[in-house]
Peer 1: 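Quick one: the structure is below, and I'll ask about it shortly.
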Amino acid sequence: KELVDRIFHYREITGATLHPQSAYMILRGMKTLESRIARHNQNAMRVATYLSQHPKVEQVFYPGLETHLNHAIAKKQMSGFGGVLSFALKGDFDKVVIVLENLQYAHKAASLGSVGTLAGPPRTTSHVELSAQERANAGIPESLIRYSAGIENGDDLIADLEQALARI
């Protein structure tokens with residue numbers, strides 16, 4: 001009875017069938033998924049490589065970089081390294097605000113799943129409920145920016161980051 005009640009409640013919330021428009025959008029999106037994922041991977045690697053050499057960036061977290069702690073495992077398990085990375089700026093949270101306010105291509109968002117580039121600080125999004133000490137204990141610097149590389153032109157993403165970082 002408990003399991004049936006849980007399933008019934010879930011169905012009440014989500015519906016018994018997928019809405020036709022949603023089904024169509026999923027079907028349509030599947031046709032270009034491989035191309036989009038390849039571009040996400042390519043752009044994220046370019047951005048991570050660029051940021052890893054930038055003097056205002058303390059550290060870049062991306063499994064595609066050889067400097068990443070788990071690069072060897074990721075290389076064995078993955079055919080690409082994904083579109084999401086994060087980077088810590090040298091300095092405090094004020095620097096994060098300046099960079100995010102000046103990004104032109106990246107939409108400021110807590111989400112990381114989009115065809116367009118998204119960026120946001122865990123301090124005020126995903127990990128807002130943790131104290132600064134709890135974030136530090138979890139290895140999340142206050143100057144961290146999560147960045148989900150979209151499928152835009154990679155040169156544009158690099159130029160956008162360059163101009164935003166130049167303001168700090």
Peer 1: Determine whether Asn70 and Pro63 make a side-chain contact, defined as any pair of heavy atoms from C-beta on separated by less than 4.5 Å.
Peer 2: no

Peer 1: Are more than 12 heavy atoms from other residues, nucleotides or ligands located less than 6.0 Å from atom NZ of Lys108?
Peer 2: yes

Peer 1: Are His9 and Asp5 close enough that some pair of their side-chain heavy atoms sits under 4.5 Å apart?
Peer 2: no

Peer 1: Are Tyr147 and Leu118 connected in a single hydrophobic cluster, I mean Ile/Leu/Val/Met/Phe/Trp/Tyr linked by side-chain heavy atoms less than 4.5 Å apart?
Peer 2: no

Peer 1: I'd like to know if the side chain of Thr117 reaches the main chain of Gly150, judged simply by a donor and an acceptor atom lying under 3.5 Å from each other, with no hydrogens or angles considered.
Peer 2: yes

Peer 1: Can you confirm whether more than 12 heavy atoms, excluding those of Glu12, are under 6.0 Å from its CD atom?
Peer 2: yes

Peer 1: With a 4.5 Å heavy-atom cut-off, do Phe81 and His68 have their side chains touching?
Peer 2: no

Peer 1: Applying a strict under-4.5 Å side-chain criterion to I, L, V, M, F, W and Y, I'd like to know whether Leu85 and Met78 cluster together.
Peer 2: yes

Peer 1: Please collect all salt bridge (charged side-chain N to carboxylate O under 4.0 Å, His left out) contacts where either partner lies in residues 140-154, sequence neighbours excluded, each pair once.
Peer 2: Arg123-Glu142, Arg135-Glu142

Peer 1: Looking only at atom types and distance, does a side-chain atom of Asn102 sit under 3.5 Å from a main-chain N or O of Ile98, one as donor and one as acceptor?
Peer 2: yes

Peer 1: Hey, does the side chain of Gln163 reach the backbone of Asp160 with a donor-acceptor pair shorter than 3.5 angstrom?
Peer 2: yes

Peer 1: Any link between Leu100 and Leu161 through a network of hydrophobic side chains (Ile, Leu, Val, Met, Phe, Trp, Tyr) touching at under 4.5 Å?
Peer 2: yes

Peer 1: Applying side chain to side chain contact (heavy atoms under 4.5 Å, CB included), run through Met45 and Tyr62 and close with a yes or a no.
Peer 2: CA-CA 8 Å; Met45 180 61 90; Tyr62 185 66; 4.0 Å; yes

Peer 1: So does Ser131 get a backbone contact from the side chain of Glu134, meaning a donor-acceptor N/O pair under 3.5 Å?
Peer 2: yes

Peer 1: Flag the pair Lys90 / Lys56 as yes when at least one side-chain heavy-atom distance between them is below 4.5 Å, and no otherwise.
Peer 2: no

Peer 1: Atom OH of residue position Tyr50 - does it have more than 12 heavy atoms of other residues, nucleotides or ligands inside 6.0 Å?
Peer 2: yes

Peer 1: I want to check something: taking the side chain as every heavy atom from C-beta on, are Asn153 and Leu157 in contact at a cut-off of under 4.5 Å?
Peer 2: no

Peer 1: At their closest point, which heavy atom of Ile140 faces which heavy atom of Leu144, and how far apart are they?
Peer 2: CG2-CD2, 3.9 Å

Peer 1: Between Val99 and Arg167, is there a side-chain heavy-atom distance shorter than 4.5 Å?
Peer 2: no

Peer 1: Which pairs would a plain distance check flag for residues 22-31, meaning a side-chain donor or acceptor within less than 3.5 Å of a matching protein atom at least two apart in sequence or in another chain?
Peer 2:
none

